[in-house]
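FYI, side chains are in, hydrogens and waters are out, and symmetry mates aren't considered; it's all heavy atoms of this structure. Owing to the predicted nature of the structure, the values given are computational and were not obtained by experimental measurement. The sequence lines fix the lettering, A, B, ..., with proteins before strands; numbering per chain opens at 1.
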Protein chains: 2
Amino acid sequence: MRRGLEFKKKARIIIVDDNYEHLSGIKELIEIESDFDVVATATSASVAISLIKKYRPEIVLMDINMPEKDGLTAIAEIEKLDLGVRIIALTGYDDPDLIFRAMKIGAKGYILKTMASAQLIYAIDEVAAGKIYLPAALSSRFFEYFQKSFKEETQDLSDEENLLNYLTQREEEVLDLLTQGITYKGVAQKLFISETTVKTHVNNIFQKLQVNDRTQAVLYALNNGFLNRRKVKIAI
Amino acid sequence: MRRGLEFKKKARIIIVDDNYEHLSGIKELIEIESDFDVVATATSASVAISLIKKYRPEIVLMDINMPEKDGLTAIAEIEKLDLGVRIIALTGYDDPDLIFRAMKIGAKGYILKTMASAQLIYAIDEVAAGKIYLPAALSSRFFEYFQKSFKEETQDLSDEENLLNYLTQREEEVLDLLTQGITYKGVAQKLFISETTVKTHVNNIFQKLQVNDRTQAVLYALNNGFLNRRKVKIAI
DNA sequence: GAAGATTTAGACCAGATGGTTTAGAAAAGT
DNA sequence: ACTTTTCTAAACCATCTGGTCTAAATCTTC
């Protein structure tokens with residue numbers, strides 16, 4: 001079988017699936033239909049991790065519906081090892097949340113068990129070639145979920161509702177320093193003003209944000225896009 | 001031209017591009033090669049927004065490289081109107097950051113001006129049919145950028161380095177309440193313990209996290225994945 | 001069952017924080 | 001020029017917060 005990989009060595013693969021039948025099926029398929037080298041298989045995530053450390057494969061096919069330790073956690077752990085292993089998630093469900101989480105933690109591909117075997121081989125080819133492979137149908141699901149997440153989480157407040165927009169420039173500066181956990185004294189020094197002035201600003205901030213203390217003010221700022229003006233930040 | 005849309009009315013389209021030549025070209029292409037109805041065109045984002053409010057098109061083709069008001073901001077504003085308009089971003093560059101931001105704010109498709117005209121029509125077809133369309137090449141770029149963002153922003157600390165992992169269960173509960181901006185008194189009531197006990201816990205938390213006050217503790221918790229254990233959150 | 005960790009709770013104190021009022025100077029807007 | 005907003009600053013006071021020490025009850029763990 002030639003699939004345009006003549007230019008490099010056979011990629012080594014480890015397959016992980018708690019269902020032994022299925023595991024054997026995939027193993028055979030890959031051995032017969034592709035140029036890849038199945039160096040090991042595992043029926044549990046923890047065994048898989050040991051094997052990966054030992055064999056350092058290029059590719060891991062990981063079933064993410066397993067008892068004991070679930071596949072997503074396993075993927076996260078493997079990614080954390082930073083061995084350059086490229087993981088393809090394998091599952092029966094096209095649940096958008098699963099797809100999203102898998103891609104988020106670093107899976108380089110995601111395919112359904114129900115898909116044709118040729119597609120599995122194709123996915124491995126693509127991922128081995130350094131690409132990310134997500135079938136069109138799953139890609140759609142991913143994007144819908146992705147956009148929905150953002151719509152829900154970002155700026156649920158209009159400009160008028162976002163009380164941060166009523167702060168003056170100086171108040172923003174003060175709040176900025178508060179969000180860094182700096183005391184009144186520290187703020188005063190940084191802004192070259194007296195401590196009592198800082199207090200005045202802070203009190204005005206509290207009133208404008210309708211909160212009672214600095215922690216709440218910081219939380220309000222963080223939750224309503226205060227930092228976003230400076231930096232694009234993505235938190236899990 | 002029949003493209004499998006016989007079952008529904010001709011979708012109305014507005015095209016936005018500051019380059020008039022290009023605008024006309026696309027308009028003609030769509031009128032000749034597709035079943036869609038170009039109800040208006042605009043050469044600036046602000047005009048486009050008025051037209052969109054007036055015509056309520058199903059689809060908007062938006063060039064995102066424009067002077068004056070940039071296309072991304074325009075997309076965000078249109079999405080905010082929540083008119084059900086499906087926007088396809090159009091640009092000359094396959095800059096992953098642009099792609100990521102466009103998809104993040106709700107673009108339903110993203111195509112390059114350099115792509116074949118048939119692909120443009122195909123993209124419109126797909127998006128009009130309710131799907132999200134991203135050519136494979138751009139999809140790859142998107143995912144690489146997406147995963148890179150997550151890798152950078154999430155958990156830069158190992159388990160041993162993350163001081164949150166040294167907190168006891170009770171301390172976590174207390175910190176959890178602190179991250180909601182609750183006072184000692186409030187925490188005491190919620191946990192049915194005395195205020196002095198809360199203080200003890202808080203002091204232990206400070207020492208373990210190596211911080212001096214509650215704000216810093218909250219910031220540490222927020223920046224090091226404390227909330228992540230409960231909820232998947234995405235902030236811009 | 002002994003050793004260690006966790007949770008509970010008190011006392012004492014210094015200093016930080018927050019609420020309120022007042023007020024002058026500077027800047028911005030009309 | 002006049003008004004409004006913003007930035008500056010002080011005084012006063014109550015409360016909250018944080019640091020330190022001590023210590024008992026309860027859970028774990030070996």
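Enclosure of atom NZ in B:K208 by more than 12 non-hydrogen atoms of other residues, nucleotides or ligands within 6.0 angstrom is indicated. With a 6.0 Å radius and a threshold of 12 heavy atoms from other residues, nucleotides or ligands, A:K113 has its NZ atom above the threshold.
Counting non-hydrogen atoms under 4.0 angstrom, A:T196 reaches a base of the nucleic acid. Nucleic acid contact class of A:T197 (heavy atoms, under 4.0 Å, all strands): base. Across all strands, B:S194 comes closer than 4.0 Å only to sugar-phosphate atoms, never to a base (heavy-atom distances).
Residues A:Y110 and A:T91 are in side-chain contact: their nearest non-hydrogen atoms beyond the backbone lie under 4.5 Å apart. You'll find the side chain of B:V47 stays beyond 4.5 Å of the side chain of B:T43, heavy atoms only.
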Set out, line by line, the N/O atom pairs under 3.5 Å between protein and nucleotides 26-30 of chain C.
none

Sort me out a list of protein N/O and nucleotides 16-25 of chain D N/O pairs below 3.5 Å, or just none if empty.
{"residue": "D:dC16", "atom": "OP1", "partner": "B:K185", "partner atom": "NZ", "Å": "3.4"}
{"residue": "D:dT17", "atom": "OP2", "partner": "B:Y184", "partner atom": "N", "Å": "3.4"}
{"residue": "D:dG18", "atom": "OP1", "partner": "B:R214", "partner atom": "N", "Å": "2.8"}
{"residue": "D:dG18", "atom": "OP2", "partner": "B:Y184", "partner atom": "OH", "Å": "2.6"}
{"residue": "D:dG18", "atom": "O3'", "partner": "B:N212", "partner atom": "O", "Å": "3.4"}
{"residue": "D:dG18", "atom": "O6", "partner": "B:K199", "partner atom": "NZ", "Å": "2.7"}
{"residue": "D:dG19", "atom": "OP2", "partner": "B:N203", "partner atom": "OD1", "Å": "3.0"}
{"residue": "D:dG19", "atom": "O6", "partner": "B:K199", "partner atom": "NZ", "Å": "3.3"}

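Here the closest non-hydrogen pair linking A:H22 and A:D17 is ND1-OD2, 2.7 Å.
For the pair B:L167 CG and C:dT7 C1', the interatomic distance rounds to 14 Å; values are reported in whole Å. If you measure from atom CG of A:N204 to atom P of C:dT21, you get 13 Å, rounded to the nearest angstrom. Taking atom NZ on A:K208 and atom C1' on C:dG19, their separation rounds to 17 Å, with Å as the unit. Counting to the nearest Å, the C1' atom of C:dT7 and the CD atom of B:E172 are 15 Å from each other. For the pair B:E173 CD and C:dT7 P, the interatomic distance rounds to 8 Å; values are reported in whole Å. Between A:L191 atom CG and D:dT8 atom C1' there is a gap of 12 Å when expressed in whole angstrom units. Straight-line distance from the CD1 atom of B:I205 to the C1' atom of C:dT6: 13 Å, rounded to whole Å. If you measure from atom CD of B:Q189 to atom P of C:dA9, you get 14 Å, rounded to the nearest angstrom.
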Exercise. Please assess A:E144 against A:R141 for the test salt bridge (charged side-chain N to carboxylate O under 4.0 Å, His left out), listing each intermediate value before the final yes or no.
Key: CA-CA 5 Å; A:E144 278 155 25; A:R141 301 224 139 193; 5.6 Å; no
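With respect to the salt-bridge test (charged N to carboxylate O, under 4.0 angstrom), the residues A:E77 and A:K80 do not qualify.
Residue B:T168 has a polar side-chain atom (N or O) positioned under 4.0 Å from OP1 or OP2 of C:dT7. Distances shown here put every side-chain N or O of B:H201 at or beyond 4.0 Å from the OP1 or OP2 atom of C:dT7.
Taking the six-membered ring where the residue is Trp, B:F142 and A:F146 present perpendicular rings, their angle passing 60° and hence far from 30°.
In terms of modelled atom types and a separation under 3.5 Å, the side chain of A:E58 and the main chain of A:R12 share a donor-acceptor contact.
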